[in-house]
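Counting convention: from 1, in listed order, for ligands and their atoms alike. Remember, predicted model here, so these are calculated numbers, not experimental data.
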Amino acid sequence: MAVYKHIDSALIHGGIYGDETTGAVNTPIYQTSTYMQEGLGKHKGYEYSRTGNPTRAALEALIAELEGGRAGFAFASGMAAISAVIGLFKSGDTLIISSNVYGGTFRILDKVFGHFGIRCIIADTADLNSLESKITKDVKAILVECPANPLLTITDIAAVARLAKQHGIYSIVDNTFMTPYLQRPIELGADIVIHSATKYLGGHSDLIAGLVVVNSQELAEQIHFIQNATGGILQPFDSFLLIRSIKTLGIRMERHVENASTVANFLNSNESIKKIYYPGLPDCQGYEINQRQAKNGGAMLSFELTEGHDIRVFFSALRLIALAESLGGVESLVCHPASMTHASIPKEIRDRVGITDGLIRLSVGIENISDILDDLNQAIAKSTETN
Ligand SMILES: *Cc1c(COP(=O)(O)O)cnc(C)c1O
């Protein structure tokens with residue numbers, strides 16, 4: 001019998017809570033590679049830590065519970081998680097991916113798995129008719145990032161999952177930007193959820209980790225096989241850190257989102273801002289769908305300054321908000337997608353999908369909101385001074 005009903009409590013008590021042997025409230029860091037066996041074939045469920053480790057198992061059970069899936073798997077990075085999922089496919093198979101997925105997701109398909117005969121097609125997954133027209137007999141999965149990076153494009157996850165089911169193929173959702181606290185794709189019908197846990201789940205910019213959650217026993221066995229065979233597992237200490245971080249995900253996300261919607265409203269009414277992308281603003285693409293499938297608009301937003309502003313000056317004028325890759329940490333981070341996170345996407349594709357050279361992406365942290373607004377204000381003001 002569950003002793004809690006709400007995700008805030010599951011964040012703290014979910015998965016495998018505490019340690020039965022000692023009563024410790026936290027799962028110990030089982031810093032071991034191997035396990036003593038009583039006799040041939042007689043062991044306590046663990047033989048070798050690439051195959052399974054109790055600290056990692058506690059994290060894997062936790063993320064499976066939070067996403068409402070059948071099983072979870074922890075990897076050394078988001079890319080290791082994505083590469084394990086792509087390992088489900090074989091030469092001749094095609095994957096459809098959202099048009100502005102994380103640059104590394106496009107790169108691994110294009111430059112690594114392409115060599116093994118796995119193909120990828122880029123589609124606007126927000127446009128269901130165009131998406132369906134791209135499903136040929138070779139297409140085996142649709143990989144959606146929602147909101148997609150960096151234009152925060154919203155895809156109707158339930159509709160894509162239905163479409164995938166009709167065609168007998170998998171729907172895969174990269175849920176990094178929302179986390180299970182705000183959005184649970186498996187409950188919307190998706191088969192597989194991927195996380196770069198480096199971002200909000202880790203939440204403190206001190207950890208690289210990836211997670212996969214699947215909705216069936218068959219997929220669980222396949223992903224476990226690939227995880228053990230390829231070996232890109234998360235280490236016990238990092239698994240512990242991630243469990244520790246997830247306990248505060250709820251309160252962190254509440255504050256991230258509160259700050260982000262204040263920043264979005266501030267930018268939206270600022271005459272120095274040409275365009276803003278934030279799924280929590282009623283005028284932005286996908287607002288209604290996002291309201292339906294997620295708790296709110298999340299804490300990532302992108303914008304462009306009007307003509308006459310020098311974005312180089314803007315970036316160097318920021319004092320509190322750090323110019324850095326990554327997102328989802330307690331500190332506010334800003335980045336320039338065209339030269340940083342999305343540099344591995346060819347310029348003609350970037351321009352076609354709207355990742356312009358003037359686009360600025362902001363991961364709104366949990367600092368005091370006045371300090372964040374002050375920093376943005378003074379940097380926007382400075383960015384005009386040189387003109
Ligand atoms: C960062 C990121 C990844 C890659 O994860 P790593 O942990 O850096 O390997 C994948 N998808 C999204 C949406 C990301 O933001």
Report each N/O pair between ligand 1 and the protein that falls under 3.5 Å, naming both atoms.
{"residue": "ligand 1", "atom": "5 (O)", "partner": "Ser196", "partner atom": "OG", "Å": "3.0"}
{"residue": "ligand 1", "atom": "7 (O)", "partner": "Gly78", "partner atom": "N", "Å": "2.9"}
{"residue": "ligand 1", "atom": "7 (O)", "partner": "Ser196", "partner atom": "OG", "Å": "2.8"}
{"residue": "ligand 1", "atom": "7 (O)", "partner": "Thr198", "partner atom": "OG1", "Å": "2.6"}
{"residue": "ligand 1", "atom": "9 (O)", "partner": "Gly78", "partner atom": "N", "Å": "3.0"}
{"residue": "ligand 1", "atom": "9 (O)", "partner": "Met79", "partner atom": "N", "Å": "2.9"}
{"residue": "ligand 1", "atom": "11 (N)", "partner": "Asp174", "partner atom": "OD2", "Å": "2.7"}
{"residue": "ligand 1", "atom": "15 (O)", "partner": "Lys199", "partner atom": "NZ", "Å": "2.7"}

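In this structure, a donor-acceptor pair under 3.5 Å is absent between the side chains of Thr136 and Asp138. At a cut-off of 3.5 Å, with distance as the only test, no side-chain donor of Glu325 or Thr341 sits close to an acceptor on the other residue. For the residue pair Ser99 and Asp124, no side-chain donor N or O sits within less than 3.5 Å of a side-chain acceptor on the partner. A donor and an acceptor atom, one from each side chain of Thr155 and Thr125, are located under 3.5 Å apart.
Remark: Lys199 qualifies as a cation-pi partner of Tyr102 under the 6.0 Å distance and 45° angle criteria applied to the six-membered ring.
Hydrophobic cluster membership for Phe225: none, as no Ile, Leu, Val, Met, Phe, Trp or Tyr side chain comes under 4.5 Å of it.
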